[in-house]
Amino acid sequence: MKRKIIIDTDPGQDDAVALFLALASPEIEVQAVIAVAGNVPRTRTVENARRVLEMAGRTDIPVFAGAARPLRPTQTTAEHVHGPTGLDGIDLSVPPTMPVQPESGVTYLVDAIRAAQEQELTLVMLGPLTDLAMALTIAPDIAGRLREVVLMGGAWSELGNITPAAEFNIYADPQAADIVFSAGIPLVVLPLDVTHKCLGLPDRLAALRANANRCSIAAADMLSYSERFDLVKYGWKGAPLHDPCTIAWLVAPDLFGGRHVNVGIETEGKLSVGMTVVDWWRVTDREPNALFLRDVDSDAFYSLLVSRLATLP
């Protein structure tokens, strides 16, 4: 049976590629997309989610507007990486036309989880965890109904990419992350430890472009734009590809390796707000709350990505 998922996202070029991969994977049924503030403000993420679905020919999937602000007092965005639109690198001159649903994304999340069979729904979280944290605060009962939450966020050995200690998605709303990681929901975490191994090397982006279909070319163009920041930052031959790792884990979990450990979220540290404190060596008595992944077959990951995106318009 297909895995039913709801994608909560803040597109973002890599979010867009993750959406493409999900839509191109027959093992997955995307029930809805919720756009949250994150890489860029919510007005942009809502527009971008609609644009991506239109490019993929999937206007049947409803789009909801999630939270406009994090739970934390200050808001952090990442236009310095993604550009002012979040999807810089492709032609954005024609605005999307598919509708935004009138119901709020948080309300929809609560209603959808309650309406589903227990352990039927998987949430895929590609941005800050604000929407799920708000939903859990409103309706704590939904925690026990979810199959699992698969998220891109955090780091252990790779430390931080927005501060020395913190990865962007967790840092953007550490209070929300703390609520989610403490809720008792089965979590699968795709951190920088994995995504920094999935480099968009020139031959990999060329293979995407060689598919010659609209979505593959758009993916290659977007990643060619967003990689410019990381190529300078890291000095690597390719930029890491983050969010599509979540979808790849859903359809090909054997590509990844990790272990069940306890992950805590630092919300108050002077220098470490947003840090994921990973008990990798199990030196505490804290119960494991997440499958924290650290290894990936990056060649197989890109082979999957290229072959799947070739099936889209």
Side-chain angles (χ1 to χ4, degrees), residues 2-3 5 7 9 11-30 33 39 48-49 51-58 61 81-83 86-92 124 126 150-152 188 190-231 234 236-257 293-313:
K2 289 188 175 185
R3 174 82 71 100
I5 70 171
I7 298 177
T9 179
Q13 290 90 348
D14 59 325
D15 303 71
V17 177
L19 285 167
F20 283 155
L21 182 57
L23 298 173
S25 295
E27 305 91 338
I28 288 174
E29 178 186 334
V30 181
V33 174
N39 286 320
N48 292 347
R51 190 183 300 279
V52 171
L53 291 176
E54 287 183 1
M55 279 194 284
R58 293 301 306 274
I61 298 173
V81 178
H82 301 280
L87 293 185
D88 281 33
I90 59 174
D91 181 8
L92 302 173
V124 179
L126 305 180
V150 182
L151 66 96
M152 188 278 131
V188 180
L190 283 297
L192 299 183
D193 306 72
V194 163
T195 66
H196 278 187
K197 296 175 181 176
C198 293
L199 300 182
L201 302 173
D203 62 315
R204 291 168 171 173
L205 296 188
L208 259 182
R209 196 178 300 280
N211 282 341
N213 59 316
R214 179 174 68 216
C215 291
S216 293
I217 292 171
D221 287 346
M222 288 187 289
L223 296 179
S224 295
Y225 177 89
S226 61
E227 75 171 1
R228 296 184 297 177
F229 175 82
D230 283 340
L231 293 180
Y234 296 113
W236 298 337
K237 294 182 179 180
L241 185 53
H242 305 291
D243 292 336
C245 289
T246 58
I247 306 300
W249 184 85
L250 284 173
V251 301
D254 290 346
L255 299 185
F256 299 87
L293 301 172
R294 292 191 61 209
D295 298 310
V296 60
D297 182 338
S298 62
D299 287 333
F301 166 77
Y302 272 95
S303 178
L304 175 72
L305 182 67
V306 171
S307 63
R308 291 294 174 92
L309 264 61
T311 67
L312 294 175

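Heads up: numbering here begins at 1 and tracks the sequence.
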Quick one: closest heavy-atom pair of [X] and [Y], and the distance?
X: E227; Y: G200; result: OE1-O, 3.8 Å
X: P11; Y: D15; result: CA-CB, 3.5 Å
X: V306; Y: A207; result: CG1-O, 3.8 Å
X: L21; Y: L304; result: CD1-O, 4.5 Å
X: G238; Y: L199; result: O-CD2, 3.5 Å
X: A239; Y: Y302; result: O-OH, 4.5 Å

Hey, does [Y] have a side-chain heavy atom less than 4.5 Å from the side chain of [X]?
X: S298; Y: R204; answer: yes
X: L241; Y: P244; answer: yes
X: L255; Y: W249; answer: no
X: V17; Y: L305; answer: yes
X: F20; Y: R58; answer: no
X: V296; Y: C198; answer: yes
X: P240; Y: D230; answer: yes
X: K197; Y: D295; answer: yes

So how far is it from [X] [atom1] to [Y] [atom2], rounded to the nearest 0.5 Å?
X: I90; Y: R214; atom1: CD1; atom2: CZ; value: 11.0 Å
X: L53; Y: L23; atom1: CG; atom2: CG; value: 6.0 Å
X: L19; Y: L126; atom1: CG; atom2: CG; value: 6.5 Å
X: D88; Y: S224; atom1: CG; atom2: OG; value: 13.0 Å
X: R3; Y: L250; atom1: CZ; atom2: CG; value: 5.0 Å
X: D297; Y: D254; atom1: CG; atom2: CG; value: 10.5 Å

If only atom types and distance count, is the side chain of Q13 paired as donor or acceptor with the main-chain N or O of H82 below 3.5 Å? yes

Measure from the side-chain N and O atoms of S307 to the backbone N and O of S303, and report whether any donor-acceptor pair falls under 3.5 Å. yes

Before you tell me yes or no, could you show the steps for V188 and L190 under side chain to side chain contact (heavy atoms under 4.5 Å, CB included), namely the whole-Å CA-CA distance, both residues' side-chain angles and the distance that decides it to 0.1 Å? CA-CA 7 Å; V188 180; L190 283 297; 4.0 Å; yes

Under the side chain to side chain contact (heavy atoms under 4.5 Å, CB included) rule, what do L192 and H242 come out as? Steps first, then yes or no, please. CA-CA 7 Å; L192 299 183; H242 305 291; 3.7 Å; yes

Can you tell whether the side chains of E27 and R308 come within less than 4.0 Å, N to carboxylate O? yes

Kindly assign one of parallel, tilted or perpendicular to the pair W236 and H196, based on the angle between their ring planes and the thresholds 30° and 60°. perpendicular

Would you sort out whether D14 and M222 count as a side chain to side chain contact (heavy atoms under 4.5 Å, CB included), showing the intermediate values? CA-CA 8 Å; D14 59 325; M222 288 187 289; over 6 Å; no

Could you verify whether a donor N or O on one side chain and an acceptor N or O on the other, from N213 and S216, lie under 3.5 Å apart? yes

Does V124 form a side chain to side chain contact (heavy atoms under 4.5 Å, CB included) with L151? I'd like the steps, not just the answer. CA-CA 6 Å; V124 179; L151 66 96; over 6 Å; no

